[in-house]
Amino acid sequence: MKRVYLDHAATTPLLNVVKNTTIKQLDMFGNASSLHIEGRAAKEAIERARRQVAELIGARAEEITFTSGGTEANNMVFNTFWGQRTVISAIEHPSVFEPFLHGAGKKMTYGNVVPVDGQGRVKFEMLDNIFSDKKIKPRP
């Protein structure tokens with residue numbers, strides 16, 4: 001019987017090209033902010049990766065920000081849109097739900113949690129209520 005891995009919220013298998021590149025980079029050391037040879041090599045590796053990601057998604061390299069993981073990235077998004085109306089689904093990962101409820105350390109203008117159906121699909125009809133300023137209270 002073949003197993004199917006479905007817990008991609010926590011981690012996901014790496015593509016071989018990603019795994020091989022990561023293994024190669026583990027031999028590189030040096031603070032990318034330092035001016036010595038190792039630091040400059042680390043900085044160039046990061047900038048090369050930034051350019052590759054940008055090219056892959058049709059962005060500019062300066063638009064790419066690397067984070068340590070999903071939670072840091074989600075908090076960065078909430079901080080970026082601080083003060084704006086925020087809407088999430090009721091089944092978001094805790095790394096989205098918690099900063100949403102707590103304003104990522106800041107008070108957000110307001111937010112809404114959109115309910116989902118039994119299949120986990122957003123109930124889009126509820127968006128009419130949200131965008132007509134009828135507030136839906138967040139549910140934990």
Side-chain angles (χ1 to χ4, degrees):
M1 178 153 75
K2 184 177 177 182
R3 287 183 48 88
V4 176
Y5 183 79
L6 299 175
D7 187 18
H8 291 267
T11 187
T12 191
L14 294 175
L15 294 172
N16 281 332
V17 67
V18 174
K19 185 186 306 182
N20 293 336
T21 301
T22 300
I23 290 169
K24 179 181 171 188
Q25 294 305 310
L26 291 175
D27 288 332
M28 178 179 285
F29 60 93
N31 181 338
S33 298
S34 296
L35 298 177
H36 48 64
I37 292 171
E38 293 83 3
R40 290 194 312 265
K43 175 79 169 181
E44 177 49 36
I46 292 168
E47 294 308 319
R48 181 174 48 255
R50 191 181 319 277
R51 289 189 303 271
Q52 289 171 335
V53 169
E55 183 178 328
L56 181 68
I57 64 171
R60 296 187 317 271
E62 58 271 15
E63 295 175 302
I64 304 302
T65 301
F66 294 121
T67 65
S68 63
T71 299
E72 181 184 358
N74 292 337
N75 276 281
M76 184 180 292
V77 168
F78 276 110
N79 283 317
T80 300
F81 294 102
W82 172 71
Q84 296 182 32
R85 183 182 311 206
T86 308
V87 177
I88 65 170
S89 80
I91 58 170
E92 295 296 339
H93 186 273
S95 70
V96 170
F97 214 89
E98 290 301 316
F100 172 80
L101 291 178
H102 303 292
K106 300 175 182 175
K107 185 171 173 34
M108 302 182 94
T109 303
Y110 61 92
N112 296 102
V113 177
V114 181
V116 297
D117 65 17
Q119 300 294 314
R121 294 176 295 215
V122 169
K123 293 185 177 182
F124 287 102
E125 64 274 11
M126 299 303 289
L127 292 176
D128 289 337
N129 293 334
I130 291 169
F131 290 112
S132 65
D133 290 330
K134 295 176 187 171
K135 294 186 182 181
I136 298 172
K137 292 185 180 180
R139 296 183 300 164

Given side chains that start at C-beta, do those of [X] and [Y] come closer than 4.5 Å, heavy atoms only?
X     : Y     : result
Met76 : Asn79 : no
Glu55 : Arg51 : no
Ile64 : Ile57 : yes

Go through the steps for Lys43 and Ile46 under the test side chain to side chain contact (heavy atoms under 4.5 Å, CB included), then give the verdict. CA-CA 5 Å; Lys43 175 79 169 181; Ile46 292 168; 5.7 Å; no
For [X] versus [Y], what's the shortest heavy-atom pair and its separation?
X      : Y      : value
Phe66  : Ala49  : CZ-C, 3.8 Å
Val122 : Ser89  : CG2-CB, 3.9 Å
Ala90  : Val113 : CA-CG1, 3.4 Å
Pro13  : His8   : CD-CE1, 3.4 Å
Tyr5   : Thr11  : OH-CG2, 3.3 Å
Val96  : Phe78  : O-CE1, 3.3 Å

What donor-acceptor contacts under 3.5 angstrom involve side-chain atoms of residues 24-34, with partners at least two apart or in another chain?
residue, atom, partner, partner atom, Å
Asn31, OD1, Ser33, N, 2.8

Is the count of non-hydrogen atoms from other residues, nucleotides or ligands lying under 6.0 Å from Ile23 atom CD1 greater than 12? yes
Check this for me: Phe124, atom CZ, are more than 12 non-hydrogen atoms of other residues, nucleotides or ligands nearer than 6.0 Å? no
What is the distance from atom [atom1] of [X] to atom [atom2] of [Y], rounded to the nearest 0.5 Å?
X     : Y     : atom1 : atom2 : value
Gln52 : Thr21 : CD    : OG1   : 7.5 Å
Glu98 : His93 : CD    : NE2   : 11.0 Å
Glu47 : Glu62 : CD    : CD    : 10.0 Å

side-chain hydrogen bond (donor to acceptor under 3.5 Å, both in side chains) partners of Arg121, counting only residues at least two apart: Asp117
Set out, in order, the CA-CA distance, both residues' side-chain angles and the distance that settles salt bridge (Lys or Arg N to Asp or Glu O under 4.0 Å) for Arg40 and Glu44, then state yes or no. CA-CA 6 Å; Arg40 290 194 312 265; Glu44 177 49 36; over 6 Å; no
